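What follows is a set of notes on a single structure, which appears directly below.
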Amino acid sequence: MTAEFTGFVHRVGREVHDGTGRPLLMRGFGLGNWLLPEGYMWKFVEPGPTAPRGIEALFADLVGEERAAQFWTAFRDTYITGDDIARMAALGADHVRLPINARVVWTDEGEPIEAGFALVDRLIDWCRLYGLWVVLDLHGAPGGQTGKNIDDSLGTPALFEEERYRRLTLDLWRYIAVRYRDETVVAAYDLLNEPLPEEYQYSYADRLVAMYKDLTAVIREVDQNHLLMYEGSHWATNFTGFELWDENSLLQFHGYWQPPDRAWIRPYLEVGERLGLPLYMGEGGENNPDWILTAFTMYEDHGIGWNFWPWKKIDTLSSPCSVEAPEGWWDIVAFASGTGPRPDSEAAWATLSELIPRFDVARCRWRPEVVSALLKTAPVRIPAWGFGFEGPGVSYRTGGARPLAGFRADEQVTILADKSEDGKPNFHHIWGEARDPSDHLHLRLEAGDWVEYRFVLTQPGPVHVTVSYQTAAQAPEVLLDGIATEHIATEYVSVVVDPAASAAAAPGGTWSYVSPAALPAGDHRLRLLATADATVVDHLDVRTA
């Protein structure tokens, strides 16, 4: 999509509209690690550094202050460039979310750091060139809004404890609003990232409400144009005490590792309905492709805009871009975690210098399986349990289904779990790893039942569908946009089955189908219609033939 920057992104009822007045379902990427480094994105683990201060201290200790400063300048010039923005635009993204550490743009004396804002301005220029909007996210407020590593704090949410940090934050947002009040490339102001986690979410709740009211007033004194985003406490999940503070606003929640179903997002849907505000899933990802496809299908089917987190990090299975670190990097990681010797200073500097050019998107390892899951673009693997969320008669039709407790329990579709504790399948795959072979989920259909999936073609052509199954039931029908496909092959394979598993059955294999004619580029629907009872399906693969 190419944005037309002829007006400001704004709220209309429970929708977000672009500058031309058209409804906009925001789809974008988070630029995590660029202006606020996070330890796990560098593969640091405790007791290694997890916050920016710790990472900065480690590098300064290894190579000296001067060289460390050179590294950070080069890092910020390389980690995100116009080439990254061009790649996102080519994928169809319409915005980026920029996490900002206050220390990069704001002094302790309450003055702007022009070198930091120059990075923000440069990003805005790239996004203008490639047709993307920018969400400005105060990820690390002065003093810190969480007390955790993600906001570069010193151990407590000092923003809510010390008046000077509150004042610094208000002044920073006032400055941002003045600086960008006429900038239509800026879509929204994301006021505070994930404020007040676990132990503070209730005891400091009134302080958060007061802070949001003050921030709203300060910004609206100088900028009546931009959309405001309010995140809930407890990692942007708790909206207790929230009211309608500004007419041009929305609610932002974050989502990681939960079962991707309506039970998980129901509280957000309810508060959005109560306040009459749109919803935006501003951070989510860090999981395997099956979870990503299902969760992001759910957001879109509920009209929820989203931002995938993050675009890039070192040695990852769960982001589109995986930075391939040099060999010496792992010596630094081992030293930081206390499991290896201290690298020689010259060797450490050589490693950091070699790392810099590897941040270039052209040198990253591309993870097509992550992108295809996120955008549903063929070739794409679709988990059988990742059918749509538009309800009976649209996303499925079944007879006597037995829903799975703990996952999609409000859908009248039978999902089988090989192994789950208390009926709750495990979705905590933080590094993007696949499900354990003994912990698969399967879909069971009886004769006449059907489920429907969505996929996208980036170019026209015939479509080939492969359905992987766990039983020897008769091949189902596959329809593409309501038109039957040709069943061209059945392949049986040997399947080792746990006798205690709920999906245990005789041999598994694949059914293959091909569309009778080429399909145009764009959105398409695939319906799987069972022709026999006990049709147990694992996943589907869709590609152009």
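Residues take their numbers from the sequence shown, with the count starting at 1. Because the structure is predicted, anything quoted here is derived from the model rather than measured.
For the side chain to side chain donor-acceptor pair (under 3.5 Å) test, no residue two or more places apart in sequence or in another chain qualifies with R76. Here H95 pairs with Y280 under the ring-ring contact (aromatic ring centres under 6.0 Å, His included) rule; sequence neighbours left out. Considering only residues two or more places apart in sequence or on other chains, W257 meets the ring-ring contact (aromatic ring centres under 6.0 Å, His included) condition with H428. Contacts of P23 classified as side-chain contact (heavy atoms from CB on, under 4.5 Å), with partners at least two apart in sequence or in another chain: E15, H17. Applying the ring-ring contact (aromatic ring centres under 6.0 Å, His included) rule to F296 yields the partners Y299, W306, F308; only residues at least two apart in sequence or on another chain are considered. For Y230, the ring-ring contact (aromatic ring centres under 6.0 Å, His included) test picks out Y212, W245, with sequence neighbours left out. With sequence neighbours excluded, the residues that form a side-chain contact (heavy atoms from CB on, under 4.5 Å) with T544 are L457.
Atom CZ of R402 sits in a sparse spot, with 12 or fewer heavy atoms from other residues, nucleotides or ligands closer than 6.0 Å. Within 6.0 Å of CD in E324 there are more than 12 heavy atoms belonging to other residues, nucleotides or ligands. Counting heavy-atom neighbours within 6.0 Å of R365 CZ, excluding the residue itself, gives a total of 12 or less.
Residue pairs meeting the ring pair (Phe, Tyr, Trp, His ring centres under 6.0 Å) criterion with at least one partner in residues 362-381, sequence neighbours excluded, are W311-W366. Within the structure, ring pair (Phe, Tyr, Trp, His ring centres under 6.0 Å) contacts touching residues 518-544 (residues at least two apart or in different chains) are F455-H524. Evaluation of the salt bridge (charged side-chain N to carboxylate O under 4.0 Å, His left out) test over residues 308-320, restricted to residues two or more places apart or in two chains, returns D84-K312, E286-K313.
Ion pairing of D137 with R97 is present here, as a side-chain N (NZ or NE/NH1/NH2) and a carboxylate O approach within less than 4.0 Å. Taking 4.0 Å as the cut-off between side-chain N and carboxylate O, R262 and D410 count as a salt-bridged pair.
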What pairs of donor and acceptor atoms, side-chain ones from residues 375-387 against any protein atom, are under 3.5 angstrom apart with sequence neighbours left out?
| residue | atom | partner | partner atom | Å |
| --- | --- | --- | --- | --- |
| R381 | NE | D290 | OD1 | 3.1 |
| R381 | NH2 | D290 | OD2 | 3.1 |

Without placing hydrogens or testing angles, list every side-chain donor-acceptor pair under 3.5 Å for residues 512-523, not counting sequence neighbours.
| residue | atom | partner | partner atom | Å |
| --- | --- | --- | --- | --- |
| Y513 | OH | P476 | O | 2.7 |
| S515 | OG | V463 | N | 2.8 |
| S515 | OG | A517 | O | 2.9 |

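Distance check: T471 OG1 to Y469 OH gives 7.5 Å after rounding to the nearest 0.5 Å. With values rounded to the nearest 0.5 angstrom, I430 atom CD1 is found 12.5 Å from N288 atom CG. Rounding to the nearest 0.5 angstrom, the gap separating the OH atom in Y40 from the CG atom in N33 is 8.0 Å.
Considering only heavy atoms from C-beta on, V135 comes within 4.5 Å of M26 through its side chain.
Taking both residues in full, the closest heavy atoms of E433 and W431 are given as OE1-N, 3.0 Å, listed atom of the first, atom of the second, then distance. Taking every heavy atom of both residues into account, G255 and M281 meet most closely at N-SD, 3.8 Å.
For R274 and F239, the positive end is not near the middle of the six-membered ring at less than 6.0 Å and at most 45° from its axis.
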